[in-house]
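The next block holds one structure in the form of structure tokens; read it before the comments.
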Amino acid sequence: MIYTVTLNPSIDYIVEVDELKLGELNRMKRDLKLPGGKGINVSRILNQLGAQNTAIGFLGGFTGHYIDDKLKQDQIATDFVFIGDDTRINVKLKHGDETEINGLGPAISTEEADQLVNKLSVLQQGDVLVLSGSVPPSLGGDFYDRLIAVCKEKGAEFVIDTTGKALLQALPHGPLLVKPNHHELSELFETEINSREELIAHGRKLLELGAKHVLISMAGDGALLVTKDEVYHANVPKGQVKNSVGAGDSMIGGFVGTLVLSNDPLEAFRTGVASGSATAFSDDLADRAKIDELLPQVTITRL
Ligand SMILES: Nc1ncnc2c1ncn2[C@@H]1O[C@H](COP(=O)(O)OP(=O)(O)OP(=O)(O)O)[C@@H](O)[C@H]1O
Ligand SMILES: O=P(O)(O)OC[C@@]1(O)O[C@H](CO)[C@@H](O)[C@@H]1O
């Protein structure tokens, strides 16, 4: 079973305007509300791929119930801790460009935090825990460490999609997958990365530090898969970009779901790239039909 953890879910409020005039009244051309947060996005893609999973994390208030209802409508299993404070609303402003305004996240009490840790007691060998997204400030910076400790104790695998110190602290525990984009990789190692060779060298460092698979996504420029023995490049399919929000999460969902279903890292890589691009070319996250349409256009090359 795959469990996705979203500590800081959101309603993604996607707002489209022709032109953004700061300091003036702007009227929306179109708007859309989506259940969001990185782990939840991973769950939605896993669901499209037929990979059984449960979405867990914290939800609260009317916004939290909205998200839980939407996921259940899509037959996604959920087991969230319901908290006293409201789940945030993140604004995704489309005005030719994409501007995002993400909330800090709700207050979470010690008791609520403990309830989530206790939920992980169901983990067992063969399970995969996907930890994705920001940590609400009230939880403290080391909360992922607590979850990883339980995961290791139960013999389950984990995937972590976060940045900075939290990612560095997780690496020695051997994540099944990490997926920095090229900017995150250079921030992580506090260095400029200017070539594919340098990207690969830094991807290898993540392996040396403990990661089992390293995916480096480069938006429209393709992606790299760095494993112990080999490095692979994938091109991205051609299409019209409609929405890049959740493209990275879709890539993780495509990779993890396919790896669990097939145990084939290259097929997982191909599906990850197709899923990321399928989301980039859709208004909402990708659906199965779009992923299947793009899969034949993804070519993997061993470098
Ligand atoms: N312009 C694009 N054209 C085609 N595919 C894209 C494009 N942008 C993103 N993708 C797909 O999505 C994957 C992940 O995108 P990206 O590298 O932007 O990750 P990310 O920075 O984690 O994304 P985000 O934070 O926006 O969700 C890419 O590897 C690619 O497959
Ligand atoms: O504030 P965080 O947790 O870093 O990111 C949250 C978020 O921007 O990530 C997802 C896209 O990746 C969105 O659904 C959501 O709004």
Side-chain angles (χ1 to χ4, degrees), residues 4-15 32-45 55 57-58 63 67 70-71 87-93 97-106 130-137 139 143-144 160-164 166-167 177-187 199 215-225 232-255 269-282 284-286 290-291 294-295 297-300:
T4 66
V5 177
T6 313
L7 301 178
N8 208 355
S10 57
I11 291 181
D12 287 347
Y13 188 37
I14 299 170
V15 170
L32 180 65
K33 292 182 268 316
L34 296 173
K38 295 190 193 297
I40 286 173
N41 292 340
V42 173
S43 269
R44 293 184 66 209
I45 294 296
F58 299 103
T63 42
I67 291 172
K70 285 281 176 197
L71 296 179
T87 290
R88 63 187 171 155
I89 298 172
N90 290 347
V91 181
K92 314 289 177 181
L93 201 50
D97 222 332
E98 280 179 351
T99 302
E100 299 182 55
I101 307 176
N102 284 8
L104 277 178
V130 181
L131 305 167
S132 280
S134 63
V135 181
L139 279 181
F143 194 71
Y144 274 140
I160 185 153
D161 183 25
T162 187
T163 51
L167 177 56
L177 171 71
V178 294
K179 190 217 72 66
N181 64 32
H182 48 323
H183 306 294
E184 288 162 348
L185 199 57
S186 76
E187 271 169 32
L199 273 177
L215 268 182
I216 303 171
S217 65
M218 303 176 291
D221 294 328
L224 296 165
L225 172 67
Y232 299 91
H233 175 263
N235 68 312
V236 292
K238 291 208 180 341
Q240 197 204 338
V241 176
K242 292 190 176 164
N243 157 52
S244 72
V245 175
D249 310 332
S250 302
M251 189 178 206
I252 291 176
F255 186 94
F269 184 33
R270 223 160 66 84
T271 310
V273 171
S275 304
S277 296
T279 287
F281 301 159
S282 306
D284 189 355
L285 293 190
K290 193 74 188 169
I291 297 169
L294 298 186
L295 259 173
Q297 295 179 43
V298 181
T299 306
I300 309 281

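In each ligand, atom 1 is the first atom listed, and ligand 1 is the first ligand listed. Remember, it's a predicted structure, so these values are computed and weren't measured experimentally. The analysis underlying the following values was restricted to heavy atoms, covering all of them including side chains, and did not include hydrogens, waters or symmetry mates.
- Atom 16 (P) of ligand 1 has its closest protein heavy atom at Ser217 OG, 3.6 Å.
- For the 3.5 Å distance criterion, the side chains of Asp12 and Ser10 qualify, holding a donor opposite an acceptor.
- Nearest non-hydrogen protein atom to atom 28 (C) of ligand 1 is Ala219 O, 3.7 Å.
- If you check which protein heavy atom lies closest to atom 29 (O) of ligand 1, you get Met251 CE, 3.4 Å.
- Between the side chain of Asn8 and the backbone N or O of Val135, no donor-acceptor pair lies under 3.5 Å.
- Annotation for ligand 2: atoms under 4.0 Å from non-hydrogen atoms of Gly36 are 14 (O).
- Near Gly246, meaning under 4.0 Å from any of its heavy atoms, are these atoms of ligand 1: 27 (O).
- Neither the backbone nor the side chain of Leu34 has any atom closer than 4.0 Å to an atom of ligand 2 (non-hydrogen atoms only).
- A donor-acceptor contact under 3.5 angstrom links the side chains of Ser244 and Glu98, judged on distance only.
- Only the side chain of Val241 comes within contact range of ligand 1, with a heavy atom under 4.0 Å; no backbone atom does.
- By the 3.5 Å distance cut-off applied to N or O atoms, Gly248 is counted among the residues near ligand 1.
- The structure places CG of Leu294 at 6.5 Å from CZ of Phe281, a figure rounded to the nearest 0.5 Å.
- The protein non-hydrogen atom at the shortest distance from atom 21 (O) of ligand 1 is Asn181 ND2, 2.8 Å.
- The heavy atom nearest to atom 15 (O) of ligand 1, out of those in Gly272, Ala247, Ala234, is found in Ala247.
- At the top of the distance list for atom 9 (O) of ligand 2, counting protein heavy atoms only, stands Lys38 NZ, 3.1 Å.
- Near Lys92, the atoms of ligand 2 lying under 4.0 angstrom from a non-hydrogen atom of the residue are 7 (C), 8 (O), 15 (C), 16 (O).
- Distance alone, capped at 3.5 Å, is enough to place a donor-acceptor pair between the Ser186 side chain and the His183 backbone.
- In this structure, Lys179 is part of the shell of residues with a heavy atom less than 4.0 angstrom from ligand 1.
- His233 NE2 to Met218 CE: the interatomic distance, rounded to the nearest 0.5 Å, is 4.5 Å.
- Side-chain atoms of Thr6 never come within 3.5 Å of backbone atoms of Gly57 as a donor-acceptor pair (strictly under, hydrogens ignored).
- Within ligand 1, counting atoms from 1 as listed, the ones closer than 4.0 Å to a heavy atom of Val273 are 31 (O).
- Not one N or O of Phe281 is nearer than 3.5 Å to an N or O of ligand 1, by distance alone.
- Ligand 1 has no nitrogen or oxygen under 3.5 angstrom from a nitrogen or oxygen of Lys38.
- Using a distance-only test at 3.5 Å, with no hydrogens or angles considered, no donor-acceptor pair links the side chain of Thr4 to the main chain of Val130.
- The contact set between ligand 2 and Ser10, taken as ligand atoms under 4.0 Å from a residue heavy atom, comprises 15 (C), 16 (O).
- Heavy-atom contacts of Asn90 reach the following atoms of ligand 2: 6 (C), 15 (C), 16 (O) (cutoff under 4.0 Å).
- Counting atoms of ligand 1 from 1 in the listed order, those under 4.0 Å from a heavy atom of Met218 are 17 (O).
- Between Leu199 and Leu185 the shortest side-chain heavy-atom distance falls below 4.5 Å.
- Nearest to atom 2 (P) of ligand 2 among the protein's heavy atoms is Ser134 OG, 3.4 Å.
- When only non-hydrogen protein atoms are considered, atom 14 (O) of ligand 2 lies nearest to Asp12 OD2, 2.5 Å.
- Shown in contact with Glu100 at under 4.0 Å from a heavy atom are these atoms of ligand 2, numbered in order with element: 8 (O).
- The backbone N or O of Asn181 lies less than 3.5 Å from a partner atom in the side chain of Glu184, making a donor-acceptor pair.
- Between the side chain of Arg88 and the backbone N or O of Ile11, no donor-acceptor pair lies under 3.5 Å.
- Looking only at side-chain heavy atoms (C-beta outward), Lys33 and Ile67 stay at 4.5 Å or farther from each other.
- Note: an N/O pair closer than 3.5 Å links Gly37 and ligand 2 by distance alone.
- Short contacts between ligand 1 and Ser277, defined as distances under 4.0 Å to a heavy atom of the residue, involve ligand atoms 4 (C), 5 (N), 6 (C), 11 (C), 12 (O), 30 (C), 31 (O).
- For atom 11 (C) of ligand 2, the closest non-hydrogen atom of the protein is Asp249 OD2, 3.2 Å.
- Within the 3.5 Å criterion, the main-chain N or O of Ala247 finds no donor-acceptor partner in the side chain of Thr279.
- Within a 4.0 Å radius of atom 25 (O) of ligand 1, the protein contributes no non-hydrogen atoms.
- The protein heavy-atom contact nearest to atom 2 (C) of ligand 1 is Gly220 CA, 3.6 Å.
- For Asn235 (side chain) and Gln297 (main-chain N/O), a donor-acceptor pair under 3.5 Å exists by modelled atom type.
- Gly246 counts as a contact of ligand 2, since one of its heavy atoms falls under 4.0 Å from the ligand.
- Looking at Arg88 next to ligand 2, an N or O pair under 3.5 Å apart turns up.
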